[in-house]
Student: 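Just dropping this structure here.
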Amino acid sequence: QVQLVESGGGLVQAGDSLRLSCAASGGTFSDYAMGWFRQAPGKEREFVALITWITSSTTYANSVKGRFTISRDNAKNTVYLQMNSLKPEDTAVYYCAAALRRRSEVPRDYSYWGQGTQVTVSS
């Protein structure tokens, strides 16, 4: 079974940085798009960023462009989300997800999900 495990969340102040990690196991991920989503209390889950596994193709939500960077380490089957210049509105549970043979910003297109890691940004 494919498993995704997020780590790296925490409590930071506005302007600080965090790097989230998503460790993937149980499959071959060359045919997957790997994405990050987030969900704040009372809000629907929203797209943050994605990266294709065998290329360097990336996509970002407008709200995080210029501040967040998604990357991967194929040897470690790990995807990262570097978050800089964090704002209180970035506070959410962040989820890693994998979409088979899809490059999508829509949560329902993703087949596998991690458990989420909490990011809290104080002002």
Student: Are the side chains of Phe68 and Trp36 in contact, using a 4.5 Å heavy-atom criterion?
Tutor: no

Student: Identify the heavy atoms of Pro88 and Ser123 that sit nearest to each other, and give their distance.
Tutor: CG-CB, 4.0 Å

Student: Using a 4.5 Å cut-off on heavy atoms from C-beta on, say whether the side chain of Arg45 contacts that of Trp113.
Tutor: yes

Student: Met34, Tyr110: one ILVMFWY side-chain cluster at the under-4.5 Å cut-off?
Tutor: no

Student: Look at the side chain of Glu46 and the backbone N and O of Arg38, then say whether any donor-acceptor pair between them is shorter than 3.5 Å.
Tutor: no

Student: Can you confirm whether more than 12 heavy atoms, excluding those of Glu89, are under 6.0 Å from its CD atom?
Tutor: yes

Student: Suppose we screen for ring-ring contact (aromatic ring centres under 6.0 Å, His included). Which residues come up paired with Phe47, at least two apart in sequence or across chains?
Tutor: Phe37

Student: Rounded to the nearest 0.5 Å, what separates atom CE in Met83 from atom CG in Asp16?
Tutor: 11.0 Å

Student: Can you list the other members of the hydrophobic cluster that holds Val106, where links are side-chain heavy atoms under 4.5 angstrom apart?
Tutor: none

Student: Using side chain to side chain contact (heavy atoms under 4.5 Å, CB included) as the criterion, point out the one residue from Ile70, Val64, Asp90 that pairs with Val48.
Tutor: Val64

Student: Using atom types as modelled, flag every donor-acceptor pair under 3.5 Å from a side chain in residues 74-82 to any protein atom, sequence neighbours excluded.
Tutor:
from, atom 1, to, atom 2, distance (Å)
Asn74, OD1, Arg72, NE, 3.1
Thr78, OG1, Lys76, O, 2.9
Gln82, NE2, Asn84, OD1, 3.0

Student: Only one of Asp109, Thr59, Thr52 forms a side-chain hydrogen bond (donor to acceptor under 3.5 Å, both in side chains) with Arg103, so which one is it?
Tutor: Thr59

Student: Would you list the pairs meeting disulfide (SG to SG under 2.5 Å) in which at least one residue belongs to residues 24-123, sequence neighbours left out?
Tutor: Cys22-Cys96

Student: If you count every heavy atom of other residues, nucleotides or ligands that lies below 6.0 Å from Gln13 atom CD, does the total exceed 12?
Tutor: no

Student: When rounded to the nearest 0.5 angstrom, what distance separates CD in Gln115 from OH in Tyr95?
Tutor: 8.5 Å

Student: Are Val93 and Leu20 linked, directly or through other ILVMFWY residues, by side chains that come within less than 4.5 angstrom of each other?
Tutor: no

Student: Can you name the residues that form a ring-ring contact (aromatic ring centres under 6.0 Å, His included) with Tyr94, not counting sequence neighbours?
Tutor: none

Student: Applying disulfide (SG to SG under 2.5 Å), which residue pairs with at least one partner in residues 30-76 are found, sequence neighbours left out?
Tutor: none

